[in-house]
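To start, the structure itself, in structure tokens.
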Amino acid sequence: MSTTYRLGVLEGDGIGPEIVPSSVEIATAAARATGTSIDWITLPLGAAAIETHGTPVPDETKAALADLDGWYLGPHDSVSYPEPHKSALNPSGTLRKHFQLFANIRPAKSFPGAQAICGNADLVIVRENTEGFYADRNTFAGTGEFMPTPDTAIMLGIITREATERVARVAFELARSRRKKLTIVHKANVLKLTTGLFKSVCLEVAKEYPDVAVDDFHIDAMTVHLVRRAQEFDVIVTENMFGDILSDLAGEISGSLGTAPSINASADRAMAQASHGSAPDIAGRGIANPVAMILSGAMLFEWLAARHDDPALAQLAKIIEAGVAQAIASGTSTRDLGGSASTSEFTAAVVKAIEAGAGQN
């Protein structure tokens, strides 16, 4: 008997209600091609949820997600929320913290049809997601950012052995499945105790993976290395804030943040989330690039394939990726990639490519 996978749909804000349905439509077409059964469950989140539930992340949404196999999360525009929601942990951070989605996996691969600075980049940034120098998600209660006086602000950066070990193992396993190269990014020359611990624990874990070549760089030097020789890197592991900054840089180097996917995962659940923001300046105009969200969905299916030992899901992910590549190669792309297609036109082109057999063999 075939398994029905239950996946959540959280459209979010800004361009989210445009790119998330696009991604679901494309995943549904790929699911038909592989005979996979998916039950999509739409749940409230973001500004719309504030209006209907009084909070951007309702308790009923978190409760429903706990029973699902994974979910799509659209971008949020928390800076436009009314207080106290504007100053609270944003929806993405709330879900990552609540479900302990400790590994943020962000590929940066030069995209055909995009104006990549580095035409042959193919790397993955593995970002620790629960602590580090993001003070809004590194404490059990409250926040690690506070003001003892009106003129003094303090931020806590927290690094633990447990969190570093688990994200390091995810990174080493990924490197082992790719080109067997891993780079640790830190600032241990200055932040000697915190990122020094991150570096030393990663090096300890490296002893379990003698087949993986390991090097390390300071975060400031790493930005230069990515610009000059991104093609030489395979898997990069780093703490929360460094990983956020590097992945945006890597996304632009490889073509566009509009094509930069990611998932946030723990050992037993995962969330697909594009690396970019909500782009309120173009929201509702039908011109948003859905590629990053579409490919984030493909990453989710790859993760589910490994978790459930289901080859059909791995094939589903390949079909999505091939459909996107074929649509762009045939001349259909959104404005940020040099084309003129609307979001819906690009979606239709990908669905057409999938129905014509893209990625199926």
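Start at 1 with the first residue, then count along the sequence. Heavy atoms only: backbone and side chains are in, while hydrogens, waters and symmetry mates are out.
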Let me see the working for R32 and T28 under side-chain hydrogen bond (donor to acceptor under 3.5 Å, both in side chains), right down to the final yes or no. CA-CA 6 Å; R32 286 195 299 268; T28 301; 5.8 Å; no
Using the rule that Ile, Leu, Val, Met, Phe, Trp and Tyr join whenever any side-chain heavy atoms are under 4.5 Å apart, tell me whether W40 and I294 fall into a single cluster. yes
Any chance the side chains of Q273 and R96 put a donor and an acceptor closer than 3.5 Å? yes
Go through I287 and S342 one step at a time and tell me if the side-chain contact (heavy atoms from CB on, under 4.5 Å) criterion holds. CA-CA 5 Å; I287 61 173; S342 66; 5.5 Å; no
Are D310 and L304 side-chain neighbours, meaning at least one heavy-atom pair lies under 4.5 Å? no
Any chain of hydrophobic side-chain contacts (each under 4.5 Å) joining L101 to V237? no
Going by atom types alone, do T152 and T149 pair a side-chain donor with an acceptor below 3.5 Å? yes
State plainly whether the residues E232 and K181 are in salt-bridge range, i.e. N to O under 4.0 Å. no
Modelled atom types, side-chain donor and acceptor of D13 and Y81, under 3.5 Å: yes
If we only count heavy atoms from C-beta on, is the L191 to K199 side-chain gap below 4.5 Å? no
Identify whether the distance between the nearest side-chain nitrogen and carboxylate oxygen of R127 and D244 falls below 4.0 Å. yes
Would T183 and D215 satisfy side-chain hydrogen bond (donor to acceptor under 3.5 Å, both in side chains), going step by step from the backbone distance to the final call? CA-CA 5 Å; T183 299; D215 58 8; 2.7 Å; yes
Carboxylate-amine/guanidinium proximity below 4.0 Å for E355 and K352: no
Between F99 and W71, is the gap from one ring center to the other below 6.0 Å? yes
Do T334 and D336 have side-chain N/O donor and acceptor atoms under 3.5 Å apart? yes
Flag the pair R161 / T164 as yes when at least one side-chain heavy-atom distance between them is below 4.5 Å, and no otherwise. no
Is the shortest side-chain heavy-atom distance between S296 and Y72 below 4.5 Å? no
side-chain contact (heavy atoms from CB on, under 4.5 Å) evaluation trace for N90 with T94: CA-CA 6 Å; N90 64 47; T94 297; 5.7 Å; no
Only one of V201, V205, V214 passes side chain to side chain contact (heavy atoms under 4.5 Å, CB included) with I184; say which it is. V214
Apply the side-chain hydrogen bond (donor to acceptor under 3.5 Å, both in side chains) test between H186 and each candidate in T194, D216, T195; give the one that qualifies. D216
Taking atom types as modelled, find out whether T130 and E128 have a side-chain donor-acceptor pair closer than 3.5 angstrom. yes
In this structure, would V324 and V124 fall into the same cluster of hydrophobic residues linked by side-chain contacts under 4.5 Å? yes
Does the pair R178 and D234 meet the rule for a salt bridge (charged side-chain N to carboxylate O under 4.0 Å, His left out), with working shown? CA-CA 8 Å; R178 288 170 50 91; D234 184 16; 2.7 Å; yes
Specify whether H225 and F233 have parallel, tilted or perpendicular ring planes, treating 30° as the upper limit for parallel and 60° as the lower limit for perpendicular. tilted
Please check if I26 and L73 belong to a single hydrophobic cluster, counting links between Ile, Leu, Val, Met, Phe, Trp and Tyr side chain heavy atoms closer than 4.5 Å. no
V185-I253 co-clustered via ILVMFWY side chain contacts under 4.5 Å: yes
Going by distance alone, is a donor N or O of one side chain under 3.5 Å from an acceptor N or O of the other, for D268 and S266? yes
Are E173 and R169 close enough for a salt bridge, meaning some N to O gap below 4.0 Å? no
Counting only heavy atoms not in D39, do more than 12 fall under 6.0 Å of its CG? yes
Partner residues of H98 under the ring-ring contact (aromatic ring centres under 6.0 Å, His included) criterion, sequence neighbours left out: none
